[in-house]
S.K.: 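Let me begin by handing over the structure; questions about it come next.
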Number of protein chains: 2
Amino acid sequence: MEITFLGTSSGTPTRTRNVSAAALRLVGSRDWQLIDCGEATQHRLLATPYSLRTLSAIFITHVHGDHCYGLPGLLASAQMAGRSEPLTIVGPAGIRQFVEAVAQHTELYLGYEIQWLLPEEAHLAQTGSGLKVQSVPLSHRVESFAYRFTEPEQAPQLLHEKLMAEGVPPGPLWAQIKAGKDVTLPDGRVLQASDFQAAARRPRSVIISGDNDDPSRLTTACDGTDVLVHEATYTQAVLEKVGAGPQHCSAERIARFASQVGLPNLVLTHFSPRYQDSADATTSIEEIRQEAAAHYHGRLSLACDYASYRLDRDGVLSVQA
Amino acid sequence: MEITFLGTSSGTPTRTRNVSAAALRLVGSRDWQLIDCGEATQHRLLATPYSLRTLSAIFITHVHGDHCYGLPGLLASAQMAGRSEPLTIVGPAGIRQFVEAVAQHTELYLGYEIQWLLPEEAHLAQTGSGLKVQSVPLSHRVESFAYRFTEPEQAPQLLHEKLMAEGVPPGPLWAQIKAGKDVTLPDGRVLQASDFQAAARRPRSVIISGDNDDPSRLTTACDGTDVLVHEATYTQAVLEKVGAGPQHCSAERIARFASQVGLPNLVLTHFSPRYQDSADATTSIEEIRQEAAAHYHGRLSLACDYASYRLDRDGVLSVQA
């Protein structure tokens, strides 16, 4: 699976970071998914290989503008790009109301169908690549959700060498065993299909989370999850100064959680614009990194715009060149 | 007056051009005005000296998304930038309905007041620099307007040398004459104030127009106007191929009009994304330039994003380095 960040700033864009959006795809698959769609997400996409014609579904975590104000323009541009296939949009009820009200007041007419789903119906979202989706309710000022994407079940692998050792050459018998059927050889021996199949590789999972001040909401969903993408809007000291009102996470809070649940890969995003990218700035993004690293010893990343991460077969997440 | 283009593409952004927006200010004035606000206008502003705290008014030409989808995000960011002063927004009724619906469905609460005005009330818009505003209804698929901005009346200039020649040194008498009062000198002579005042410089005017397929709507407003900024979405050949449905102008049509009314400066914008910036592209923006230049012999410009134009005291518009 590959995650490309299109926006990593909270609330308002900066010169280097746009507001929230991320693209997700199964490597090798033509279709892709968009998670959140802050203003100017379509502008970011112009600098990526992602096309609005192959987008299969959009998942919005919550109704705050920095996560959804790019939707109307992106939908209009998909239309101008000649899209005719239906598009699934998953999000809280307010997202549909928002898009429909904008369309009504600005005379936006789309030539393709939108299939609306609520987060609790996320499992009904069809992606061309067969990703399974599940939503998890979070804790924020408004209804907010995480989306967990799991790759399709893999077929069990045939144990080729073992079959050869039994004197079974490639051919129709291999296909039967692969399909789980026991076979009788010409010499009368019966081979149990299960003896010649390796266990299928565990399907990998990624969670992309909306704004959330209580990571424990994700405990169950994190079981077996390879990657968690989560907000770390502030350091703990700033979070305490700002107060609980905004209902965001600190780097420390999400890092402690990731440690507790034994998460192998943690990607932080949604940084307050106060944190600057230069390491020698008065308030540097390095403060977030250092605070998280003090409490989490798995693979830690701080997302930046246009960064693309790939999860390999062994569950190791690494940034693409 | 200075006009800075923030977006010059029609319908959808390209890699080099954003959708419509332009900043206008009186040189030397702190406050400024925004005309149209396509998606990601706030992003463009991050690369200019314009601040959301000194923005005095926004003028929206019509409800199509490429002219207004940047409004909610810009208003939210002005709030996060600490704005508390009221902000005037002038535009068709649908613009207010659009912004209010977005605010309602996305829980956007602004900490400053918005003063809404319809285009026909544009003359009531207060700008800190005293610009006078007038709207002109156009011809488009939806209600669309041009806005004409006129600098404040200039005070008549005192004829210093003539006063000195009459033996009147700088002092209280100069102030009285400047205020239009006739004065009696110590030797009994009476000076008529009007004899010692040069006629005030004619206030300069700029029109920034919305989408419009009928330039003749602007005939009266162009009388005495120094600069017209107008769409030239296509060349005439492409306009004929596309058909009259979209109700846009061709380069030829607006250039012919500008010639007829004797307009000194014409700036074209809102180009179809099919026109590329490279002169040797299959469909180059140079086609627009050449077609317009064939029918208009005043000062012609094709706007590009971030280009800043300044109108000097003699009514000559030139691009800033």
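Chain letters run A, B, ... following the sequence lines, proteins first, then strands; residues in each count from 1.
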S.K.: Looking only at non-hydrogen atoms, find the nearest pair between Pro72(A) and Tyr69(B) and report the distance.
M.R.: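 Reported closest heavy-atom pair: CB-CE1, 3.6 Å.
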S.K.: Determine whether Glu39(B) and Gln42(A) make a side-chain contact, defined as any pair of heavy atoms from C-beta on separated by less than 4.5 Å.
M.R.: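 In short, these two side chains touch, coming nearer than 4.5 Å.
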S.K.: Can you pull out the residues in residues 99-111 of chain A with any heavy atom less than 4.5 Å from chain B?
M.R.: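 At a heavy-atom separation under 4.5 Å, chain B is reached by Ala101(A), Val102(A), His105(A), Thr106(A), Glu107(A), Leu108(A).
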S.K.: With a 4.5 Å cut-off on heavy-atom pairs, point out which of His62(A), Met80(A), His67(A) contacts chain B the most.
M.R.: Met80(A)
S.K.: Got a sec, which residues hit side chain to side chain donor-acceptor pair (under 3.5 Å) with Arg217(A), two or more places apart in sequence or on another chain?
M.R.: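 Testing Arg217(A) for side chain to side chain donor-acceptor pair (under 3.5 Å), a comparison that skips the adjacent residues, returns Asp214(A).
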S.K.: For Arg53(B), does the CZ atom sit with more than 12 other heavy atoms under 6.0 Å from it, leaving out its own atoms?
M.R.: no
S.K.: Using a cut-off of 6.0 Å, state whether more than 12 heavy atoms not belonging to Arg30(A) lie near its atom CZ.
M.R.: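 For Arg30(A), atom CZ is not crowded (no more than 12 foreign heavy atoms under 6.0 Å).
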S.K.: Return the set of residues passing salt bridge (Lys or Arg N to Asp or Glu O under 4.0 Å) with Asp31(A) (not counting sequence neighbours), or none when no residue passes.
M.R.: none
S.K.: With a strict 4.5 Å heavy-atom criterion, list every residue of residues 6-21 of chain A that contacts chain B, or say none.
M.R.: Gly11(A), Thr12(A), Pro13(A), Thr14(A), Arg15(A), Asn18(A)
